[in-house]
Amino acid sequence: MIKVENLVKKYGETTALDGISFEIKEGKFFGLLGPNGAGKTTTISILSTILRPDSGTVRIAGFDLQKDPDQCKRNIGVVTQEIALYNKLSAFDNLMFWGGIYDVPKAELKTRISEILSLFGLTERQHDKIEAYSGGMKRRINIASAMLHRPKVLFMDEPTVGVDPQSRNLIFEVLEKLHKEGITIVYTTHYMEEAERFCDQIGIIDKGKIIAEGTLAELKKSGGIKESIAVTFNEISEEVAKKIGTFLDGEFKFTGNTLHYYSNQIKSDLGKLIVLCNDQGADISNIEIQKVNLETIFLSLTGKQLRD
Ligand SMILES: Nc1ncnc2c1ncn2[C@@H]1O[C@H](COP(=O)(O)OP(=O)(O)OP(=O)(O)O)[C@@H](O)[C@H]1O
Ligand SMILES: [Mg+2]
């Protein structure tokens, strides 16, 4: 449904995209995960025809973005990072406006608006001005406006940032519904929990490059990162630490009073490790299990945290 090849975009001296390529099959929920400044918005802006790349090609629904921008536009809906709504107009009038922009057939527009308002739980507030809406409600209308023309592809740029939990849950419910209906969703976020929960394909982007891509399971495997147990002791002598070390057959390291033990079978090793520490009279103060997740994958790929 979407094929991106070698996108490059520079803003003056800054290289925002440094040769981005990926492919998204129809109906997939694709997550573009990356820290601030990684190039997520630049990618979405190019894919949704808001911005032109310096070089590279994009195909959407079989059309070349450069040659057939209008055909591409017909197939896509965009939820930009900054909410684009008229504050002085009501939610209903905003939706009428966007319906016009997206060429929704006039005869159908009112029915679609009423369906979509009910989907987002805002039927009763539809005639209130947007300026009287909370951030989460504005975001719901903003997403609704991108769906009125029933696009095959929906681009969403960090739609849950600064949104209250109730609105966020509602947004996720709608996204899951769209996903079930077979809409292709491209979703940027710097929340790894969102990417892990919803996306069936994830691209990790950093400094304008896709540094890893695949399903969550594939990413976990390809990173070659092991789960670990961190056992912290109230106090431990070098002698006891050495003893514990000689009994461990897996990979481990001591840093200060903490033993980090790496393994692919954390669950079965945990009990043994605790018994071993007790046998050596080591006084455990804390045990932490570090599972492999997108955060640890990102850390191992870049040496830094996903969040600043
Ligand atoms: N209009 C612009 N002029 C100059 N530099 C820009 C402009 N827009 C983005 N950049 C730079 O391009 C790089 C990528 O920015 P982009 O907005 O695509 O990142 P992002 O992943 O969306 O970040 P965030 O999570 O903060 O939204 C950054 O270094 C940014 O400072
Ligand atoms: Mg952005």
Side-chain angles (χ1 to χ4, degrees), residues 2-24 29-58 60 65-66 69 72 76-85 135-136 138-140 142-143 145-146 153-164 167-168 171-172 175 184-199 201-214 219 293-299 301-308:
I2 298 173
K3 191 166 186 187
V4 174
E5 274 177 311
N6 227 355
L7 280 189
V8 174
K9 177 74 192 175
K10 293 190 173 129
Y11 298 104
E13 298 283 288
T14 312
T15 302
L17 299 186
D18 193 7
I20 295 246
S21 304
F22 56 82
E23 203 174 335
I24 307 172
F29 198 134
F30 180 80
L32 195 57
L33 179 77
N36 288 132
K40 301 183 294 298
T41 298
T42 305
T43 305
I44 291 282
S45 303
I46 291 173
L47 265 50
S48 55
T49 74
I50 295 168
L51 202 67
R52 285 169 78 90
D54 296 338
S55 59
T57 58
V58 178
I60 296 175
L65 192 69
Q66 213 83 311
C72 287
I76 64 178
V78 196
V79 180
T80 52
Q81 191 166 2
E82 304 298 331
I83 293 178
L85 293 171
K138 283 183 195 165
R139 186 52 101 182
R140 284 188 249 165
N142 175 230
I143 298 171
S145 69
V153 180
L154 197 57
F155 294 114
M156 310 185 87
D157 196 1
E158 306 210 42
T160 57
V161 171
V163 167
D164 60 279
S167 293
R168 193 180 310 147
I171 291 169
F172 288 144
L175 291 185
T184 308
I185 301 171
V186 182
Y187 186 98
T188 79
T189 182
H190 58 264
Y191 296 132
M192 63 137 191
E193 302 85 359
E194 290 185 355
E196 287 192 355
R197 190 166 145 206
F198 298 105
C199 301
Q201 200 185 335
I202 297 163
I204 303 181
I205 182 169
D206 186 43
K207 292 184 187 154
K209 284 198 162 90
I210 301 276
I211 53 173
E213 207 236 296
L219 289 171
N293 56 30
L294 288 170
E295 186 76 51
T296 55
I297 293 169
F298 188 79
L299 186 66
L301 287 169
T302 65
K304 62 183 187 192
Q305 305 278 344
L306 201 47
R307 276 176 235 181
D308 310 324

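The residues of the chain are indexed from 1 along the displayed sequence. We use all heavy atoms of the structure for the numbers below, so side chains are in, but hydrogens, waters and symmetry mates are not. Remember, it's 1-based here, ligands and their atoms both numbered in the order they're listed.
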Strictly under 4.0 Å, does any heavy atom of Gly39 approach an atom of ligand 1? yes

Check each atom of ligand 1 against the heavy atoms of Glu158 and keep those under 4.0 Å away; list them by number with element. 24 (P), 25 (O), 27 (O)

So which protein heavy atom does atom 26 (O) of ligand 1 come closest to, and at what separation? Asn36 ND2, 2.9 Å

Just jot down the ligand 1 atoms closer than 4.0 angstrom to any heavy atom of Ala38, in number order. 19 (O), 20 (P), 21 (O)

re atom 14 (C) of ligand 1, the protein heavy-atom contact at minimum distance is Gly37 O, 3.4 Å

Got an N, O or S from Thr42 under 2.8 Å of the Mg ion (ligand 2)? no

Quick check: does Gln81 put an N/O/S atom under 2.8 Å from the Mg ion (ligand 2)? yes

When Thr184, Leu47, Thr188, Thr43 are each screened for side-chain contact (heavy atoms from CB on, under 4.5 Å) with Phe155, the one that passes is Leu47

Could you tell me whether the side chain of Lys40 and the main chain of Leu32 form a donor-acceptor pair under 3.5 Å? no

Considering only protein heavy atoms, which is closest to atom 17 (O) of ligand 1, and at what distance to one decimal place? Thr41 CB, 3.7 Å

among protein heavy atoms, the one nearest atom 9 (C) of ligand 1 is Tyr11 CE1, 3.3 Å

Give the residue, atom name and distance (to 0.1 Å) of the protein heavy atom nearest atom 18 (O) of ligand 1. Thr42 OG1, 2.5 Å

If the cut-off is 4.0 Å to any non-hydrogen atom of Thr14, which atoms of ligand 1 fall inside it? 29 (O)

Using 0.5 Å steps for rounding, measure from the CG atom of Leu299 to the CD atom of Glu295. 7.0 Å

Quick one: which residue pairs count as a side chain to side chain donor-acceptor pair (under 3.5 Å) with a foot in residues 9-20, not counting sequence neighbours? Tyr11-Thr42, Asp18-Lys209

Atom 30 (C) of ligand 1 protein-contacted (non-hydrogen atom, under 4.0 angstrom): no

